[in-house]
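Let me begin by presenting the structure, written as structure tokens, before commenting on it.
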Amino acid sequence: DSFQLVLQDFVNNGGSIIYLGNFGWGDSPVLHSGFFDGFNSFNSGNVCNILDETHPITQDVLNPYSPNGITPMIFFDTDLVRLVQQQGFDINPGDVVCYKEFGNGKVIYMGHDFGSGLADDSGARMLSNALKWIGSQTVLEWFNISSVAGTIGYPDSETLTVSLDATNLVGGTYTTQ
């Protein structure tokens, strides 16, 4: 419960969290965070359908697409913005990519499993898009990331430089997410 409160405080104050799918979940941490209400579903093997092709997270992703490894969820939240769903074994389609506003921040659920080696290009593109989307919404003069745009193919990598410049700041503690 104490970690739940820390996460909620973080997002309420303008932070963003991205939960990723994981086949090994059992009792899902996303459901114990206090951000989402629902239950785990299963990858039915069906295609994923993008509901909003204009959203920054779904830009440049084929619609529909065939996922390699996903953990869809059945969420009951009425304030949820659903971006990608998969028709599965349940009556309702499973939520694969969605988000909600929470206080001054955002919580994103991406059901793509990047930890099992089953990631696909569509999931990787949406994760990249999500990072750019949440990163572009906080403008701080004292905080800079060397690159907020670009494409990195699997399994390549890129080093990002984070710079903090306190030159024009009044003494004190500064935080950002």
Between Tyr19 and Phe36, what is the ring plane arrangement, given parallel below 30°, perpendicular above 60°, and tilted in between?
perpendicular

Which heavy atom in Ala130 sits nearest to a heavy atom in Met110, and how many Å separate them?
CB-SD, 4.2 Å

Are the side chain of Asp77 and the backbone of Asp37 linked by a donor-acceptor contact shorter than 3.5 Å?
yes

Can you list everything that forms a side chain to side chain contact (heavy atoms under 4.5 Å, CB included) with Gln87? Sequence neighbours excluded, please.
Asn46, Pro93

Over all atoms of both residues, closest heavy-atom pair of Cys48 and Asn63
O-OD1, 4.2 Å

Does some side-chain heavy atom of Phe76 sit less than 4.5 Å from a side-chain heavy atom of Ile74?
yes

Can you check whether Ser66 reaches Val47 side chain to side chain, under 4.5 Å on heavy atoms?
yes

Whether Asn12 side chain and Gln8 backbone form a donor-acceptor pair below 3.5 Å
no

Determine the minimum heavy-atom distance between Ser33 and Gln4, stating which atoms define it.
O-CG, 3.1 Å

Decide yes or no for Thr58 and Val97: does some side-chain heavy atom of the first lie under 4.5 Å from some side-chain heavy atom of the second?
no

For the CZ atom on Phe39, are there more than 12 heavy atoms of other groups (residues, nucleotides or ligands in this structure) within a distance under 6.0 Å?
yes

Do Val84 and Met126 come close enough that some side-chain heavy atom pair is under 4.5 Å?
yes

Is the cationic atom of Lys100 (NZ for Lys, CZ for Arg) positioned less than 6.0 Å from the six-membered ring centroid of Phe35 and within 45 degrees of its normal?
no

A side-chain contact here means heavy atoms from C-beta on lying under 4.5 Å apart; do Met73 and Tyr109 qualify?
yes

Might you point out which heavy atoms bring Pro67 and Gln86 nearest each other, and give the distance in Å?
CG-NE2, 4.1 Å

Are the side chains of Val96 and Tyr65 in touch, meaning some heavy atoms are under 4.5 Å apart?
yes

Do side-chain atoms of Asp120 reach the backbone of Asn68 as a donor and acceptor pair under 3.5 angstrom?
yes

Determine whether a donor-acceptor pair (N or O, by modelled atom type, separation under 3.5 Å) exists between the side chain of Asp52 and the backbone of Thr54.
yes

With Leu51 via side chain to side chain contact (heavy atoms under 4.5 Å, CB included) - residues at least two apart
Arg82, Gln85

With rounding to the nearest 0.5 Å, note down the distance linking CD1 in Ile57 to CD1 in Ile134.
8.5 Å

Judged by atom type as modelled, is there a donor-acceptor pair below 3.5 Å linking the side chain of Asn129 to the main-chain atoms of Gln59?
yes

For Leu62, check side chain to side chain contact (heavy atoms under 4.5 Å, CB included) against everything at least two apart and list the hits.
none

Determine, using the 4.5 Å side-chain heavy-atom cutoff (strictly less than), whether Ile18 and Ile50 are members of one ILVMFWY cluster.
yes

Test item: Ser41 side-chain N/O and Pro72 main-chain N/O as donor-acceptor pair under 3.5 Å
no

Is the shortest side-chain heavy-atom distance between Phe75 and Leu31 below 4.5 Å?
yes

